[in-house]
Amino acid sequence: DVCSSDLMTMQDACQAWGIHPTLVKNLEDDGIKEFFEIQTKAIPQILDCDRCHIARDITICAPTGSGKTLVYIIPIVQALIHRIVPCIRA
């Protein structure tokens with residue numbers, strides 16, 4: 001079981017981590033209200049690597065259903081959200 005002390009509200013986390021409002025809205029629309037412990041520990045570290053342009057390999061080991069996929073997806077989408085693609089390339 002997950003204790004409520006292991007959770008962080010999505011709004012608090014996204015504000016603290018500087019997550020883009022569009023991404024926050026999409027997370028809310030998908031029903032995400034809280035982040036699990038693995039997410040609150042790993043996402044800020046990955047975002048800091050991106051902000052400082054430090055290349056690091058990150059491996060996460062946690063049980064199935066603990067939120068590992070979202071740990072990787074949020075920083076990727078955050079990094080790409082401002083990317084401008086002038087044309088579609090095939």
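These numbers come from a predicted model, not from an experiment. Note that these values count all heavy atoms, side chains included, but never hydrogens, waters or copies made by symmetry. Just so you know, residue 1 is the first one in the sequence shown, and it goes up from there.
- Here the side chains of N26 and V77 are not in contact, with every heavy-atom distance at 4.5 Å or above.
- Counting heavy atoms from C-beta outward, I58 and V71 have side chains that stay 4.5 Å or more apart.
- From C14, atom SG reaches atom CD1 of I32 across 9.0 Å, with rounding to the nearest 0.5 Å.
- Neither I76 nor M10 shares a network with the other; the hydrophobic side chains, linked directly or stepwise wherever heavy atoms of I, L, V, M, F, W or Y lie under 4.5 Å apart, form separate groups for each.
- In this structure, CD1 on I60 lies 8.5 Å from NZ on K68, to the nearest 0.5 angstrom.
- At least one donor-acceptor pair closer than 3.5 Å links the side chain of Q39 to the backbone N or O of F36.
- If you take CD1 on I43 and CD1 on I38, they are separated by 9.5 Å, rounding to the nearest 0.5 Å.
- No donor-acceptor distance shorter than 3.5 angstrom exists from the side chain of Q11 to the backbone of K33, with no hydrogens or angles considered.
- Side-chain heavy atoms closer than 4.5 Å link hydrophobic residues (I, L, V, M, F, W, Y) into clusters, and following such links, possibly through other members, connects I46 to I73.
- Partners of D30 by salt bridge (charged side-chain N to carboxylate O under 4.0 Å, His left out), not counting sequence neighbours: none found.
- Between H20 and Q78 the shortest side-chain heavy-atom distance falls below 4.5 Å.
- Within 6.0 Å of CD in E28 there are more than 12 heavy atoms belonging to other residues, nucleotides or ligands.
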For I19 and L47: C-alpha separation, side-chain torsions, deciding distance, then whether side chain to side chain contact (heavy atoms under 4.5 Å, CB included) applies. CA-CA 9 Å; I19 301 295; L47 290 171; 3.7 Å; yes
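- Rounded to the nearest 0.5 angstrom, T40 OG1 and F35 CZ are separated by 9.5 Å.
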